[in-house]
Amino acid sequence: MSSTDTNNNDLQKIPQHIAIIMDGNGRWAQQRGKTRVAGHKSGVESVRSSVTTARKRGVKALTLFAFSSENWLRPEKEVSVLMDLFMFVLTREVKRLHKNDIKFQVIGDINRFSGKLQKKIADAESLTENNTGMVLSVAANYGGRWDITQAAKSIAIKVKEQTLDIEDINENMLNQHTSLANLPELDMLIRTGGDYRISNFLLWQAAYAELYFTDILWPDFNEEQFNIAIDSFDQRERRFGLTGEQVEKK
Ligand code: IPE
Ligand code: IPE
Ligand code: MG
């Protein structure tokens with residue numbers, strides 16, 4: 001196998017598609033006697049640096065978990081600050097993304113966001129639509145179960161409208177209806193903040209992703225930390241169900 005799932009520059013395997021659960025903002029702030037909101041603000045710098053680092057390292061797709069479908073249950077004030085921050089960052093950063101040939105997209109059920117924010121998102125997506133350097137996907141009001149459910153729903157509609165045969169439903173076709181279907185397979189899923197769980201992130205897409213957990217809190221996840229994570233991918237033997245010997249032969 002001429003590693004189709006990797007980008008073979010300098011013989012080091014670079015994950016083509018990385019997703020990150022950016023966790024630990026609240027604890028980072030609390031450790032400093034600050035409000036949780038201050039932690040989210042500091043987290044923005046890590047978002048910036050991770051986008052730059054991914055682009056620099058030749059990663060083709062970076063997917064960031066910014067707001068889960070469950071995060072609406074947080075205190076109202078925190079939710080509203082997160083929305084404002086999202087709006088602010090989008091406004092400030094979209095030109096830079098475009099300049100760096102990065103295509104921006106949001107995954108998740110954005111209908112629940114304000115009209116103003118939805119418009120911002122749509123504008124950013126259309127401005128950067130034809131960029132090919134890297135795809136930055138931000139998961140907002142996203143849940144892995146939601147994703148699979150909405151895929152099932154779109155398929156059901158096609159069956160009902162008789163544009164699709166039940167016999168033609170298979171994994172590949174369901175995959176095409178999930179978010180991120182336009183991207184390479186997810187190679188690596190990183191979670192900062194010390195917890196070992198997926199928290200309803202990319203349930204379908206993470207089937208064979210390499211998992212990477214670190215205790216570093218998101219605002220402290222800098223270029224050096226991200227490079228350590230990227231470099232660790234090269235040490236992983238991905239077997240996809242085969243034996244180690246079979247993989248070596250390929
Ligand atoms: C992650 O940090 C950011 C969001 C969920 C928006 P948290 O806010 O979950 O930080 P902790 O986990 O409470 O430290
Ligand atoms: C996951 O973090 C969601 C995001 C990073 C956006 P949470 O802090 O919401 O996850 P749990 O609640 O610890 O599982
Ligand atoms: Mg958290």
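Numbering starts at 1 and runs along the sequence shown. Each ligand, and each atom within it, is numbered from 1 in the order the structure gives.
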Applying ring pair (Phe, Tyr, Trp, His ring centres under 6.0 Å) between Phe226 and each of Tyr212, Phe221, Phe233, report the one that passes. Phe221

State, without any angle test, whether Ser68 and Asn71 hold a side-chain donor-acceptor pair at a distance under 3.5 Å. yes

Where does Arg74 meet ligand 2, judged by heavy-atom distances below 4.0 Å: at the side chain, the backbone, both, or neither? side chain

Below the 3.5 angstrom mark, is there an N/O of Phe67, backbone or side chain, next to an N/O of ligand 1? no

Answer with yes or no whether the hydrophobic clustering places Ile21 together with Ile190; edges join I, L, V, M, F, W, Y residues whose side-chain heavy atoms lie under 4.5 Å apart. no

Exactly one of Lys153, Gln150, Lys158 should register a side-chain hydrogen bond (donor to acceptor under 3.5 Å, both in side chains) with His177. Which one does? Lys158

Kindly check if the number of other-residue, nucleotide or ligand heavy atoms within 6.0 Å of CZ (Arg145) is above 12? no

Does ligand 2 have a heavy atom under 4.0 Å from the side chain of Glu70, from its backbone, from both, or from neither? neither

Got Gln105 and Val138 here, is their nearest side-chain heavy-atom distance under 4.5 Å? no

Scan side-chain atoms only and decide if Asp147 and Tyr142 contain a donor-acceptor pair under the 3.5 Å cut-off. yes

Find all atoms of ligand 1 within a distance of less than 4.0 Å from any non-hydrogen atom belonging to His40, and give their numbers and elements. 3 (C), 8 (O)

Who pairs with Val79 by side chain to side chain contact (heavy atoms under 4.5 Å, CB included), at least two apart in sequence or on another chain? Phe67, Trp72, Arg74, Met83

Would you find a donor on one side and an acceptor on the other, under 3.5 Å apart, between the side chain of Asn200 and the backbone of Gly144? yes

For atom 1 (C) of ligand 2, which protein heavy atom lies nearest, and how many Å away is it? Ile21 CG2, 3.9 Å

Quiz question: by atom type and distance under 3.5 Å, do the side chains of His40 and Asn25 form a donor-acceptor pair? yes

To the nearest 0.1 Å, how far is atom 11 (P) of ligand 2 from its closest protein heavy atom, and which atom is that? Ser199 OG, 3.6 Å

Polar-atom distance check: Asn71 versus ligand 1, any N or O pair below 3.5 Å? no

Around atom CD of Glu76, are there more than 12 heavy atoms of other residues, nucleotides or ligands at under 6.0 Å? no

Atom 10 (O) of ligand 1: the protein heavy-atom neighbour that sits closest, reported with distance to 0.1 Å: Gly26 N, 2.9 Å

More than 12 foreign heavy atoms under 6.0 Å from CD of Glu185: is that the case here? no

Measure the distance from atom 2 (O) of ligand 2 to every protein heavy atom, then report the residue, atom name and distance (to 0.1 Å) of the closest one. Asp23 OD1, 3.7 Å

With 2.8 Å as the threshold, which protein atoms of type N, O or S lie near the Mg ion (ligand 3)? Leave waters out. Asp23 OD1

Ligand 2 atoms nearer than 4.0 angstrom to some heavy atom of Arg191 are 2 (O), 10 (O), 11 (P), 13 (O), 14 (O)

Under a heavy-atom criterion of less than 4.0 Å, does Gly24 contact ligand 1? yes

If we count only N and O atoms by modelled type, under 3.5 Å, do the side chains of Asn111 and Asp109 hold a donor and an acceptor together? yes

Using a plain distance cutoff, I'd like to know if Trp28 has any nitrogen or oxygen under 3.5 Å from a nitrogen or oxygen of ligand 1. no

Atom 6 (C) of ligand 1: the protein heavy-atom neighbour that sits closest, reported with distance to 0.1 Å: Ala66 O, 3.3 Å

Ligand 2 atoms in contact with Phe65 (distance to a heavy atom under 4.0 Å): 3 (C), 4 (C), 5 (C), 6 (C)

Would you say Gln225 and Asp220 are linked by a side-chain donor-acceptor pair, where the criterion is simply a distance under 3.5 Å? no

With atom 13 (O) of ligand 1 as the reference point, say which of Met22, Gln31, Arg36 has the nearest heavy atom. Arg36

Against heavy atoms of Arg27, which atoms of ligand 1 measure under 4.0 Å? 11 (P), 12 (O), 14 (O)

Which residue supplies the protein heavy atom nearest to atom 12 (O) of ligand 2, what is that atom called, and how far is it? Arg197 NH2, 4.6 Å

So is there a nitrogen or oxygen of Ser68 less than 3.5 Å from a nitrogen or oxygen in ligand 2? no

Please answer: with hydrophobic residues joined when any side-chain heavy atoms are less than 4.5 Å apart, are Phe88 and Val37 in the same cluster? no

